[in-house]
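This report refers to the structure that appears directly beneath it.
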Amino acid sequence: MKQFSLFGEEITKTLKFKVDNGKIVTNAECGPTPPGEVVIRSAFCNLRCIPCFAYNYSWHEKAKKNKKVICVSLDRLVDEFLTFMSRIPIPGNKSSYNWFRILGGEPFLNKKSLEHYVYFLMKIPEDISPRFNNSILIQTNGILLGIIDKDELKAVFSPLKDKPFKVVIEISIKGSNPEEFKIITQTHASVAKKFYEAHMIACENMEYVHTHISNIDWTAVAGFGIGVTNLIVGNYKRKEYIKTFYHPATNKPFYHPDCWDDRFESIYGLHVEKYKIKFGDKFPMFGIEDRLRWKFALCGLKNCKEHECFYDGYKVYKEQSKPRIVELEQYLEDILRKFFFGDPTYYYTRLFR
Ligand code: SF4
């Protein structure tokens with residue numbers, strides 16, 4: 001009999017991936033390049049974030065029709081990964097990639113898929129691990145990790161305890177309160193609060209797992225904050241690049257400290273404390289892509305543009321098709337005081353140092 005998860009997708013013995021020229025495992029430019037990273041892209045997601053750069057293979061209705069999305073058995077995944085790692089030369093004649101990254105869509109769609117990923121990592125032999133710098137990063141929205149009981153989660157990850165690599169689970173936070181979460185992820189109001197809380201609890205659960213299994217760790221990142229350019233520059237002088245979701249009733253941008261609920265404040269504090277030595281007293285933020293650096297990511301911006309809660313500096317300053325909101329622009333400074341840009345070269349490199 002078919003089994004379905006809490007989110008409605010069928011639970012199967014396979015995992016779903018978006019392939020590149022038919023290949024599940026590829027390398028990409030991320031962090032110092034060469035060598036870059038090894039990457040696999042899971043398909044489908046239990047959320048539907050407006051700015052998602054992967055929406056063509058993460059949003060359910062898109063992924064279902066995408067010809068590059070395939071179901072893969074665990075044996076094939078292990079096989080392709082080991083073949084790639086042992087036979088394809090590492091760019092720049094290096095001895096190791098920066099790290100191995102599993103990104104979304106959402107890898108942990110249900111408990112079975114989480115167990116499948118753990119099984120896959122279990123199968124990586126010791127001599128392959130140094131070729132990805134003994135460093136694995138898994139990006140997730142964390143909802144499943146917050147729904148599963150923390151001791152159960154510990155049991156799921158325990159087979160990885162003696163592996164030579166470190167696994168960092170990167171939990172992508174979507175807003176600093178349930179209302180922001182609901183808007184960014186387009187989640188129905190009846191479940192938005194529950195899912196929001198789940199991805200916050202995921203951070204606490206993973207900290208619990210880490211205290212018992214030291215090579216399994218976590219980090220969190222504020223997803224879809226402000227435009228990348230302004231985050232990089234560290235100021236708002238480049239006004240046409242101002243991009244942010246905001247609350248029209250108060251003109252406060254999402255993630256403004258006045259919008260944080262208790263849960264966000266607590267995770268913010270936990271993360272800053274945990275990573276003080278690496279990142280000082282700020283929290284990582286992924287911005288909304290706003291320029292041609294990552295062309296593939298600009299489709300997320302396209303989806304944001306007409307939303308009533310989206311402030312787009314390009315429309316305000318270049319096209320003058322929207323009125324300027326001075327108050328909102330001033331509030332943006334408070335974001336920069338609390339967050340830093342999670343540029344992979346800086347953020348991931350430090351994570352694994
Ligand atoms: S959680 Fe991640 S993969 Fe899923 S829709 Fe949001 S941004 Fe895309």
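For the single chain, residues carry numbers from 1 onward in sequence order. Whatever order the structure lists ligands and atoms in, that order sets their numbers, starting from 1.
The F224 neighbourhood of ligand 1 comprises atoms 7 (S), with distances under 4.0 Å to a heavy atom of that residue. For ligand 1, the atoms closer than 4.0 angstrom to any heavy atom of C45 are 1 (S), 3 (S), 4 (Fe), 5 (S). Atom numbering of ligand 1 starts at 1 in the shown order; those under 4.0 Å from a heavy atom of N141 are 1 (S).
Aromatic ring centres of Y268 and F283: separated by under 6.0 Å. Aromatic rings of Y246 and F310 (six-membered ring for Trp) have centroids beyond the 6.0 Å cut-off, not under it.
Among protein heavy atoms, atom 5 (S) of ligand 1 sits closest to C49 N, 3.3 Å. Counting protein heavy atoms only, atom 8 (Fe) of ligand 1 is closest to C52 SG, 2.3 Å.
Contact annotation: G105 has at least one heavy atom less than 4.0 Å from an atom of ligand 1. For the pair K174 and ligand 1, a heavy-atom separation below 4.0 Å is found.
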**Prompt:** When you look at D290 and T229, which way does the side-chain hydrogen bond (donor to acceptor under 3.5 Å, both in side chains) test go after all the steps?
**Reply:** CA-CA 7 Å; D290 59 15; T229 301; 2.8 Å; yes
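In this structure, K16 forms a cation-pi arrangement with F44, its terminal cationic atom sitting closer than 6.0 Å to the ring centre and no more than 45° off the ring axis. F339 does not carry K282 over the face of its six-membered ring by the limits of under 6.0 Å from the centre and within 45° of the normal. For K174 and F181, the positive end is not near the middle of the six-membered ring at less than 6.0 Å and at most 45° from its axis.
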